[in-house]
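The sequence lines fix the lettering, A, B, ..., with proteins before strands; numbering per chain opens at 1. Being a predicted model, the structure only gives us computed values, none of them experimental.
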2 protein chains.
Amino acid sequence: MIIIDYRDKRPIYEQVTDKLAQLIIKGVLSPNTKMPSVRQLAIDLSVNANTVQRAYSQLEQNGYLYSVVGKGNFVSEVNDWKNQATKENIATLRQACINAKNCGLTYDDVKKLIKEVYEEKQTS
Amino acid sequence: MIIIDYRDKRPIYEQVTDKLAQLIIKGVLSPNTKMPSVRQLAIDLSVNANTVQRAYSQLEQNGYLYSVVGKGNFVSEVNDWKNQATKENIATLRQACINAKNCGLTYDDVKKLIKEVYEEKQTS
DNA sequence: TCAAGTGTACTACGAAGATTAATACACTCG
DNA sequence: CGAGTGTATTAATCTTCGTAGTACACTTGA
């Protein structure tokens, strides 16, 4: 299910984190599903248990998982991670806006910018 | 004029870069002023010449300085660095806006956010 | 109760990157 | 030409980061 790409320069825990997050976002792993244990997944991927632990820990911080000591890790409700992601995006957007204001951009400048973005069809 | 703080965890070249940038932004160093030579400033600060060179190099990249081989480094015109800083702010603002759009924020949500920012008195 | 399975905390090692230093080169100008 | 300037290259040192090893704490079922 998960394949580690050793040509990828990013650390393993980050690759695992991203791929699991994708599976959750796409709904392949539905809420309250029990994740494989850190040790089991570590064996499957041939990595250290702490590496998986770190990935799980990140996913928990981002609201994708919740963990119960002695029982395991489970997929969170959709709203949990959706709200989390939205909050962070709002925070960074606000900061970017403040910076723009401080460097002299006017209210109209910024309004024009966001209008452009929202009129584009494709975004990435 | 410049004091290096060794309790500061940031690298020396970054401290020097920031403090010189502040002096330029505040107008203490006006356009076309000749900066101290890399070797001279290195002696004054008791650091290696390359460290100063790196700071100058960064300042040049950000449009604060221009250098002439064999002659020295000089403070740029105000518009040079102002435009540069503005460009970067616009780029990050646009990206933040795209992310917000992708995570489901509506056009009105974003408009409301920037309105708030521009109605605030103090910003940092 | 205990043993197996679970998450977690702590420490340490190794590699990779960042920072600084040493040195040599190229240019300007008197 | 020589002193002063910026710049390129290389090397040494330092710091950070990713990963691994190990021990601890909890849950559950036999």
Fill in: Flag if over 12 foreign heavy atoms under 6.0 Å of NZ, A:K82
no
Given atom [atom1] of [X] and atom [atom2] of [N], what is their separation to the nearest angstrom?
X     : N      : atom1 : atom2 : answer
A:E60 : C:dT6  : CD    : C1'   : 14 Å
A:K9  : D:dG18 : NZ    : C1'   : 17 Å
B:N48 : C:dT20 : CG    : C1'   : 6 Å
B:K71 : D:dA3  : NZ    : C1'   : 16 Å
B:D8  : D:dT15 : CG    : P     : 14 Å
A:Q53 : D:dC24 : CD    : P     : 18 Å
A:Y6  : D:dG18 : OH    : P     : 15 Å
B:Y56 : D:dA8  : OH    : P     : 17 Å

Worksheet item: When you measure from the side chain of B:Q84 to the backbone N and O of B:Q61, does any donor-acceptor pair fall under 3.5 Å?
Response: yes
Fill in: Nucleotide of D:dG6, C:dA21, C:dG7 approaching B:S37 most closely (side-chain heavy atoms)
D:dG6
Response to the item:
From the candidates C:dC29, D:dG6, C:dG7, the one with an atom nearest any side-chain atom of B:N73 is D:dG6
Worksheet entry | Under 3.5 Å donor-acceptor pair, A:R39 side-chain atoms to C:dG7 base atoms | yes
Discussion item. If you go through the side-chain atoms of A:N50, does one of them form a donor-acceptor pair with the base of D:dG21 closer than 3.5 Å?
Written reply: yes
Practice prompt. Could you tell me whether the phosphate oxygens of D:dG18, OP1 or OP2, come under 4.0 Å of any side-chain nitrogen or oxygen in A:T51?
Written response: no
Worksheet item: For A:S67 and C:dT8, is the shortest distance between a side-chain N/O and OP1 or OP2 below 4.0 Å?
Response: yes
Discussion item. Just to be sure I understand the geometry, which residues of residues 10-22 of chain B put a non-hydrogen atom under 4.0 Å away from DNA chain D?
Written reply: none
Fill in: Nearest-0.5 Å distance that lies between atom OG in B:S57 and atom OH in B:Y13
10.5 Å
Practice prompt. Rounded to the nearest 0.5 Å, what's the gap from CD on B:E60 to CG on B:N73? Could you check?
Written response: 7.0 Å
Item to complete: Please say which of B:L93, B:T92, B:N99 ends up in a side-chain contact (heavy atoms from CB on, under 4.5 Å) with B:Q95.
Response: B:N99
Worksheet item: Looking only at heavy atoms, which two atoms of B:Y66 and B:V75 are closest? And how far apart?
Response: CE2-O, 3.4 Å
Discussion item. Can you give me the closest heavy-atom contact between B:E88 and B:N62, atom names plus distance?
Written reply: OE2-OD1, 4.3 Å
Worksheet item: Mapping B:Q40 and A:R54 onto DNA chain D by nearest heavy atom, which one lands closer to the 5' end?
Response: B:Q40
